[in-house]
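Worksheet: one structure, shown below.
The shown structure was predicted, so the numbers you read here are calculated from the model rather than taken from an experiment. Every chain is numbered from 1, with letters handed out A, B, ... down the list of sequences. Basis for what follows: all heavy atoms, side chains included, without hydrogens, waters or symmetry-related copies.
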Amino acid sequence: MRLKIFLIAVGFMKLQKDIYRLIKKIPRGKVTTYGTIARELKISARSVGQILHRNPDPAHIPCHRVVDRNGRLAENFAFGGAREQYRLLFNEGVKFKDFLHVDLEKYL
DNA sequence: AAGTTGACGACGA
DNA sequence: CTCGTCGCCAACT
């Protein structure tokens with residue numbers, strides 16, 4: 001049982017590490033897009049979403065700073081939905097056009 | 001082991 | 001801007 005958890009953790013480490021490295025350097029009050037991360041990692045944008053969705057380590061990965069290419073929030077945000085993501089970003093001083101759209105033009 | 005599922009993206013209409 | 005399609009690919013049945 002415990003072993004299983006360990007193995008899963010190790011398995012996640014591969015991509016988690018790469019994504020973590022990119023996401024963690026996002027300055028406060030800024031955001032990035034899935035596509036940007038995807039190109040950096042040489043993987044599909046979809047995979048980035050996939051990996052973040054089944055978020056391996058939400059405590060150490062500021063996934064709320066990741067939006068889609070239109071600056072749109074993820075309505076299916078794993079932790080509390082878009083509402084929660086909105087709140088987190090707002091706390092960092094990110095300006096919004098409306099509930100679901102971040103003010104891009106000044107992302108990472 | 002094979003099929004389904006999406007925090008997406010690009011392109012056309 | 002939205003909507004529909006297709007390509008994408010790791011994770012999950």
Side-chain angles (χ1 to χ4, degrees):
Chain A
M1 195 50 178
R2 216 163 255 283
L3 173 63
K4 181 178 180 179
I5 296 175
F6 173 74
L7 290 177
I8 291 174
V10 172
F12 276 147
M13 280 285 274
K14 302 188 275 266
L15 287 168
Q16 179 202 357
K17 187 158 59 69
D18 294 333
I19 293 178
Y20 177 81
R21 211 180 300 286
L22 286 177
I23 292 186
K24 79 174 186 179
K25 64 173 184 160
I26 303 174
R28 267 194 58 140
K30 305 256 178 160
V31 297
T32 191
T33 67
Y34 297 95
T36 303
I37 297 171
R39 280 190 299 275
E40 286 292 329
L41 270 58
K42 305 292 199 289
I43 62 181
S44 70
R46 197 151 193 161
S47 296
V48 176
Q50 215 58 252
I51 292 157
L52 287 185
H53 180 203
R54 320 224 183 258
N55 199 327
D57 195 354
H60 297 73
I61 302 179
C63 28
H64 55 277
R65 294 189 192 147
V66 184
V67 296
D68 71 9
R69 87 169 214 88
N70 301 310
R72 198 163 151 59
L73 299 181
E75 300 177 59
N76 306 322
F77 191 61
F79 278 90
R83 200 198 72 264
E84 180 68 5
Q85 187 176 8
Y86 174 91
R87 194 177 61 75
L88 290 168
L89 288 174
F90 192 80
N91 285 343
E92 299 188 347
V94 176
K95 303 293 189 292
F96 282 76
K97 292 177 64 67
D98 52 63
F99 280 114
L100 296 178
H101 295 73
V102 198
D103 187 358
L104 275 199
E105 3 278 82
K106 48 186 196 260
Y107 53 94
L108 186 68

task: Would you classify B/dA10 as syn or anti? Syn applies when the glycosidic angle is within 90° of 0.
output: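 Anti conformation for B/dA10.
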[X] [atom1] to [N] [atom2]: how many Å, rounded?
{"X": "A/Ile23", "N": "B/dC8", "atom1": "CD1", "atom2": "P", "value": "13 Å"}
{"X": "A/Arg72", "N": "B/dG9", "atom1": "CZ", "atom2": "P", "value": "12 Å"}
{"X": "A/Asp18", "N": "C/dA10", "atom1": "CG", "atom2": "P", "value": "12 Å"}
{"X": "A/Leu73", "N": "B/dA7", "atom1": "CG", "atom2": "C1'", "value": "10 Å"}
{"X": "A/Ile51", "N": "C/dA11", "atom1": "CD1", "atom2": "C1'", "value": "9 Å"}
{"X": "A/His53", "N": "B/dC8", "atom1": "NE2", "atom2": "C1'", "value": "13 Å"}
{"X": "A/Ile19", "N": "B/dA7", "atom1": "CD1", "atom2": "P", "value": "15 Å"}

Please round to the nearest 0.5 Å and tell me the distance separating atom [atom1] of [X] and atom [atom2] of [Y].
{"X": "A/Glu75", "Y": "A/Leu100", "atom1": "CD", "atom2": "CG", "answer": "5.5 Å"}
{"X": "A/Gln50", "Y": "A/Ile43", "atom1": "CD", "atom2": "CD1", "answer": "10.5 Å"}
{"X": "A/Arg72", "Y": "A/Asp98", "atom1": "CZ", "atom2": "CG", "answer": "8.5 Å"}
{"X": "A/Ile51", "Y": "A/Gln16", "atom1": "CD1", "atom2": "CD", "answer": "10.0 Å"}
{"X": "A/Cys63", "Y": "A/Leu52", "atom1": "SG", "atom2": "CG", "answer": "6.0 Å"}

Do any of [range] sit with a heavy atom less than 4.0 Å from DNA chain B, and if so which?
{"range": "residues 77-90 of chain A", "result": "A/Phe77, A/Ala78"}
{"range": "residues 34-49 of chain A", "result": "A/Tyr34, A/Gly35, A/Ala45, A/Arg46, A/Gly49"}
{"range": "residues 63-71 of chain A", "result": "A/Cys63, A/Asp68, A/Arg69"}

query: Could you go step by step and tell me if A/Lys30 and A/Val94 meet the side chain to side chain contact (heavy atoms under 4.5 Å, CB included) rule?
result: CA-CA 7 Å; A/Lys30 305 256 178 160; A/Val94 176; over 6 Å; no
message: Looking at A/Phe96, I want to see if its CZ is surrounded by more than 12 non-hydrogen atoms of other residues, nucleotides or ligands under 6.0 Å.
response: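 Yes, CZ of A/Phe96 has more than 12 neighbouring heavy atoms, counting only those of other groups under 6.0 Å.
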message: If the condition is side chain to side chain contact (heavy atoms under 4.5 Å, CB included), which residues does A/Leu88 pass it with, not counting sequence neighbours?
response: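 A/Leu88: side chain to side chain contact (heavy atoms under 4.5 Å, CB included) contacts with A/His64, A/Glu84.
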task: Could you pull out all residues at least two apart from A/Thr32 that satisfy side chain to side chain contact (heavy atoms under 4.5 Å, CB included)?
output: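 Once residues adjacent in sequence are excluded, the partners of A/Thr32 under the side chain to side chain contact (heavy atoms under 4.5 Å, CB included) criterion are A/Ile26, A/Thr36, A/Ile37, A/Val66, A/Leu108.
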message: Just to be sure I follow the notation: if a pair is Watson-Crick (purine N1 to pyrimidine N3 plus N6-O4 or O6-N4) or a G-U wobble (N1-O2 and O6-N3), each under 3.5 Å, what dot-bracket string does DNA chain B give, with | for pairs to another strand?
response: .|||||.||||||
